[in-house]
Structure formats: structure tokens, C-alpha cells
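Here the structure is laid out as C-alpha cells; the discussion comes afterwards.
What you see is a predicted model, and the numbers here were worked out from it, not measured in a lab. Atoms within a ligand are numbered from 1 in the order they appear, just like the ligands themselves.
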Amino acid sequence: MTHIRKAVFPVAGMGTRFLPATKSVPKEMLPLVDRPLIQYAVDEAREAGIEQFIFVSAAGKGALEDYFDTAAALENRLEAAGKKDALAALERARMPEGALTILRQANPLGLGHAVRQARQLIGNEPFAVLLPDDVIKGQPGALKQMVQAHAKVGGHMVATMDVPRAATSAYGVLDIASESGRIAYARGMVEKPRADVAPSTKAVIGRYILDAAIFDRLSALRPGAGGELQLTDAINADVPTVGVTGFSFEGERFDCGSVQGFVQATAAYALDRPELSGAFEMFLSNRLSRQQMAA
Ligand code: G1P
């Protein structure tokens, strides 16, 4: 079994849907309950065995880069004050020496272009890609589930979820040749198809395990949907040679690239935290019954 050791995190997006918050704070730093969004993707990757974290970042993301750095002054103060819980909370944001590399995507030319930046660092081994906007609440995490499934089928693997037909134009969508359990064997993949021409309703969600062969395809990419260099197009081109499967993960996915998804994820994660759930549940149910009475 090939150990998937490296993961790419495209974090160059501007987060325009979260303005004005994202005017001075990278969207990956917006807190979902009490942890920044990026932490969820990093934790999921760690659980799946990832050891090398490659962020494809952009100008204006300094806070994200600082987040995984040591904060010596802060740690010293907490230690002197005996604040053990606060120190323990900081542990999550720590990376082992040399585990994090931050690249800059100079031009926002698309997801395919972002992943291409990591070519030299990945070399010739299969690797993961996680889009931190897609938060997946799963036990185990979606990437760990995929790593296990990938060990059996190899090739390129994408996470998938069934979506309403009306929503296909927001996703990469699989053209399915056959299915076996959670695995769908693809005969193609198309980026953001209109509902009336979408080959299925199996949408790609932001977790990928890719063979290093993808880099040749990424180098040859021409602009696709939205005029961007699309990762989906590169994967699609590899269907006959590398093989492409969709993995229908077990878990709940939140689109934290949208405000609605972010708010829902906040509620779901808060309800899951023993120290918050009791009071929060009471608050929500009072609130809902007031709203129903007013309606
Ligand atoms: C990206 C991918 C798309 C995928 C989606 C999942 O699109 O290009 O194939 O379905 O992430 O969230 P984006 O949401 O960045 O437009």
C-alpha cells in the first residue's frame, strides 16, 4: 500500500463572499466555533496520515501563515500564568519541524493552476488535495476513508456526493461507467455542467487523491469553465490512462465557502461540543419556537 504522505491545500482564494470580514482576515482564518476553518482540513489530513502540508497561498494571507508558526511570546506568557488549557489549545496549531511549506500562487488562474504549483514538492508519488472550504464532518474523516479505499483501486480518486440536479452547475460532476459500493468508476468528469446536460448528479467534493501523472496534464491545461485552469479537466484527461474513481464518503459536508454553509457548520459543530451543546440547544429551541409563534 502506498503511503499518502503529502497534501496540497489551495488557500489562495479571496473569500469575496465573506466581505467585509475577509477584507483583512483570510477566509481560512474565520472561526468555525473556536477554530479557524483551515484547522479542520489540517486535522483531517493528519488523521489520514499526512506528514507534509503544502499550502498554495497568495498575497494578503499573512495571518494564515502566522497561525501555524510558533508564538514564543504568547506561549511564555501563558506558561508563566499557568494557563494549561490555553497552552493545550495552541498545540493544534503546531506543525512538526519542516512539515509545512507555503507557496505563492502569483496569479489566480484556477484550481488546476494552484495544484500545479506543488509539482516540485510532490515529486513522483500520489498525494492528496484538500479544499478547506469543504468541511466534512465524518468519523473517521473523509480523507482517511479515501486513503483506505484508494489502497485498493489506485489511480485518481475524488470525493463525491449526490446533489440535486439543479445544483450541478456549482460542481465538478462524474460521468459514471459503473458502481460498486462506495466506489464509482468514471468514464469522464465535467466542470460545472448545466443541469440539463450534467452526465449524473454525483458531484465532486473538495478531497482528492491524485497520481503524480496529473502534473503533465496540469502543465498542458487550457482555460476551461469560467475561463479558469480546471483541475477537473486535468483529471478527466487521465481517465483512459490513470483511471478515475469517485468515492462516496460517509459524513456530512458543509460548503463553508458560502455564508449559509458556514452558519450551518457552526451550529452542527457547536451542537457536537459537550461543553456548549446543552445551553446552545436550549437557546436554539427557544428561538425556533418564538419564531414559529410569530409566523
Ligand atoms: C471546486 C472544483 C469543483 C468541485 C468543488 C467542490 O469548485 O473546481 O470541481 O466540485 O470545488 O467544492 P469551486 O467551488 O472552487 O468553484
- [ ] Report the member of M161, E228, K192, Q230 with the shortest heavy-atom distance to atom 13 (P) of ligand 1.
- [x] K192
Task: Shortest non-hydrogen separation from A118 to V8 and the atoms involved - done: CB-CG2, 3.7 Å
- [ ] Indicate the atoms forming the closest heavy-atom contact of K61 with P26, along with that distance.
- [x] CD-CB, 3.7 Å
Task: Of the listed options A114, A225, A159, A170, closest to atom 14 (O) of ligand 1 (non-hydrogen atoms) - done: A170
Task: Mutual orientation of the aromatic rings belonging to Y269 and F254 [parallel < 30°, tilted 30-60°, perpendicular > 60°] - done: tilted
Open item on the list: I need the nearest protein heavy-atom contact for atom 10 (O) of ligand 1: residue, atom name and distance, please.
Closed with: V204 O, 2.6 Å
Open item on the list: Using a plain distance cutoff, I'd like to know if G206 has any nitrogen or oxygen under 3.5 Å from a nitrogen or oxygen of ligand 1.
Closed with: no
Open item on the list: Salt bridge or not between R207 and E44? Use side-chain N to carboxylate O under 4.0 Å.
Closed with: yes
Open item on the list: Within the structure, is a non-hydrogen atom of T232 found at a distance of less than 4.0 Å from ligand 1?
Closed with: yes
- [ ] May I ask you to test the F262-L37 pair for a side-chain heavy-atom distance under 4.5 Å?
- [x] yes
- [ ] May I ask you to identify the nearest protein heavy atom to atom 1 (C) of ligand 1, giving residue, atom name and distance to one decimal place in Å?
- [x] L131 CD1, 4.0 Å
- [ ] Kindly indicate whether the side chain of V56, heavy atoms from C-beta on, has any atom under 4.5 Å from the side chain of V11.
- [x] no
Task: G172: numbered ligand 1 atoms lying under 4.0 Å from its heavy atoms - done: 3 (C), 4 (C), 9 (O), 10 (O)
Task: R222 and D233 ion-paired at < 4.0 Å - done: no
TODO: Provide the number and element of each atom of ligand 1 under 4.0 Å from a heavy atom of D134.
DONE: 6 (C), 12 (O)
Task: Nearest neighbour of atom 8 (O) of ligand 1 from the list E191, R207, R253, on a heavy-atom basis - done: E191
